[in-house]
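If you're wondering where the values come from, they're calculated on a predicted model, not measured in any experiment. Residue numbering restarts at 1 for every chain, and letters A, B, ... go by the order of the sequence lines.
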Amino acid sequence: MECLMPQWMRVTDAFAAAPGTPLTIKGWVRTNRESKADGGLCFVAVSDGTCFDPIQAVVRSTVPNFEHIQKLTTGCSVEIDGVLVASQGKGQSVEILVDPAQSGALRIIGEVEHPDTYPVSNKRHTFEYLREVAHLRVRTNTFGAVARMRHCMSMAVHEYFDKKGFFYVHTPIITASDCEGAGQMFRVSTLDSVNRKLTADGKHVDFGEDFFGKEAHLTVSGQLNVETYCCALSNVYTFGPTFRAENSNTARHLAEFWMIEPEMAFCDLKRDSEIAEEFIKHCIDAALTKRGDDMKFFDERIENGIVARLKHVLETPFRRLPYTDAIDILQKAIAGGKKFEYPVKWGTDLQSEHERYLTEEHFKQPVILMHYPKGIKAFYMRLDDNCAPGRETVSAMDVLVPKIGEIIGGSQREERLDKLDMRLDEMKLNKADYWWYRDLRKYGTVPHAGFGLGFERLMLFITGMANIRDVIPFPRAPKQAEF
RNA sequence: UCCCUGAUAGCUCAAUGGUAGAGCGACCGGCUGUUAACCGGUAGGUUCCAGGUUCGAGUCCUGGUCGGGGAGCCA
């Protein structure tokens with residue numbers, strides 16, 4: 001089938017065209033300046049979002065609507081016919097000459113009604129303010145760059161797994177199984193929340209009357225579902241929206257975010273961590289090679305040195321060490337005078353400050369911690385063999401990166417039914433709720449492993465942006481669902 | 001959810017309890033192959049909301065709402 005040919009040129013392609021090429025572009029005015037030179041000129045910088053830089057149109061005063069063009073302000077939409085020429089000015093290599101003598105024209109498509117109150121005028125704005133105009137913020141340099149990078153990273157995810165022979169599985173958004181066990185969930189219901197029908201004892205809501213005939217929620221993880229496909233297709237992954245109703249208000253949490261969860265059959269923790277590292281490096285490589293224009297901007301205006309830092313991560317093998325060794329390092333640091341707010345003790349989870357010390361001060365690079373105490377990890381993680389008494393660990397791993405902290409959490413799964421049941425009992429979970437998950441261990445069980453990666457945290461890591469609400473188009477967080 | 005902090009022009013911020021200002025943006029003019037332009041001028045305000053103290057509140061007090069920083073929970 002033939003692809004439809006575009007009727008005009010994208011700005012990104014215009015920059016790559018040969019001088020002398022006649023072309024038409026369409027986009028939105030970024031800036032408009034005028035000059036009396038050459039009998040009167042307007043310099044109209046136009047962006048269509050296809051690349052970082054806007055392209056400059058140089059409009060001669062001989063165009064019939066020149067007076068109108070002089071009044072163009074930031075945000076107006078235009079259609080421009082012109083000829084690509086080498087620029088006479090500094091600051092750009094090529095520009096579009098709009099000269100009626102060469103069939104040049106600039107047609108105004110949509111004006112900005114009130115330029116004095118246009119929310120994203122041509123000046124610096126704070127990210128906090130721009131969040132309030134999320135429908136327009138993507139027209140700014142920063143959010144345009146973030147949007148293109150988000151696409152680039154999405155594609156990199158699929159490229160990586162496709163190339164490795166993984167199958168993309170669409171795990172459900174709505175789940176009626178109450179066994180995902182990762183934080184507060186959003187209820188999905190068609191029941192009348194005011195006049196609820198109660199069960200016979202009059203104490204509980206009768207979910208038998210509800211749409212699914214039982215309690216249902218938005219998913220907090222696709223992992224348990226994707227494990228079932230893993231145990232048939234070998235290598236699989238999900239990449240979809242995930243929902244957490246936690247009332248957490250930080251620069252690293254969202255109520256709705258996107259998560260990537262690969263799952264591999266016949267795979268142990270070591271290989272799991274190798275895939276995690278290779279995957280992150282693939283994403284970094286894609287960002288650097290495919291979005292050099294946007295990375296240059298992030299490097300100059302968002303986080304100085306981020307390109308060098310990402311290159312360093314790309315070239316350096318991740319540091320791997322057992323949780324127990326990390327505790328030793330932290331305790332030695334304390335002995336050497338380092339002050340932490342929270343105590344460091346074997347058996348407790350590492351706090352943000354501890355993770356930051358390891359990645360930012362001690363190792364100064366990404367670190368993969370492995371083999372955590374079983375008491376602080378989920379029921380499905382595989383019990384390590386040959387543990388010292390009182391020091392039982394599970395085959396878990398966390399990938400920690402500077403500034404962000406945990407970017408990946410994964411584990412080898414418990415494939416032995418007796419051990420899994422033991423863990424369910426220990427954590428006082430109802431085995432009946434996990435009947436289909438337990439079936440996987442009854443019918444041709446295999447060692448398998450996987451991990452979860454928060455897509456927006458990857459975006460923070462790649463772009464250097466500080467707040468997770470600025471790397472997703474329309475953030476959902478407590479008290480925030482305006483757009 | 002806890003601790004800290006903030007809300008004043010379209011935006012970013014000033015303003016001893018006593019006449020509400022500046023920069024940027026917008027508009028008008030000048031200059032300029034311009035490009036964070038530059039120079040001059042103009043317009044633009046229910047000081048977040050509801051109470052209270054006071055002769056008088058942007059400012060002080062109480063309660064909300066929302067934002068930011070840190071923490072917890074986590075991805």
Determine: side-chain N/O of [X] to OP1/OP2 of [N], distance under 4.0 Å, yes or no.
X      : N     : value
A:T126 : B:U12 : yes
A:S35  : B:G33 : yes
A:K36  : B:G29 : no
A:R252 : B:A71 : yes
A:N247 : B:U1  : yes
A:Q351 : B:G72 : yes

Take A:T117 and A:P478, find for each the nucleotide of RNA chain B with the closest heavy atom, and name the residue whose nucleotide sits nearer the 5' end.
->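 That would be A:T117.
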Nearest-Å distance once atom [atom1] is located in both [N] and [M]:
N     : M     : atom1 : value
B:U34 : B:U47 : P     : 45 Å
B:C48 : B:C28 : P     : 32 Å
B:G51 : B:A57 : C1'   : 14 Å
B:G23 : B:U8  : C1'   : 15 Å
B:A14 : B:U59 : C1'   : 13 Å
B:A37 : B:C31 : C1'   : 11 Å
B:G6  : B:A15 : P     : 12 Å
B:G30 : B:G10 : C1'   : 26 Å

Can a donor-acceptor pair under 3.5 Å be found between the side-chain atoms of [X] and the base atoms of [N]?
X      : N     : answer
A:K479 : B:C66 : no
A:Q88  : B:U34 : no
A:E34  : B:G33 : no

Give, for atom CZ of A:F461 and atom CD1 of A:I408, the distance between the pair rounded to the nearest 0.5 Å.
->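 Those atoms lie 10.0 Å apart.
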Pair A:S411-A:R413, side-chain donor/acceptor within less than 3.5 Å =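 Yes, side-chain donor-acceptor contact under 3.5 Å.
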Polar contact flag, side-chain donor to acceptor under 3.5 angstrom, A:E261-A:S221 |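 The criterion, which ignores hydrogens and geometry beyond distance, is satisfied for A:S221 and A:E261.
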Any side-chain heavy atom of A:V98 sitting closer than 4.5 Å to one from A:V58?
->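 No, their side chains stay 4.5 Å or more apart.
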Write down the partner of B:A22 under the Watson-Crick or G-U wobble criteria, each distance required to be under 3.5 Å.
->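 Pair assignment: B:A22 / B:U12.
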So which nucleotide from [options] ends up closest to the side chain of [X]?
X      : options             : result
A:R33  : B:U34, B:C74, B:G68 : B:U34
A:N249 : B:C27, B:U1, B:G33  : B:U1
A:T250 : B:A71, B:G33, B:A26 : B:A71
A:E246 : B:C73, B:A71, B:C11 : B:C73

Which part of the nucleic acid does A:H125 contact within heavy-atom distance under 4.0 Å: base, sugar-phosphate only, or nothing?
->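 Answer is sugar-phosphate: A:H125 comes under 4.0 Å of backbone atoms only.
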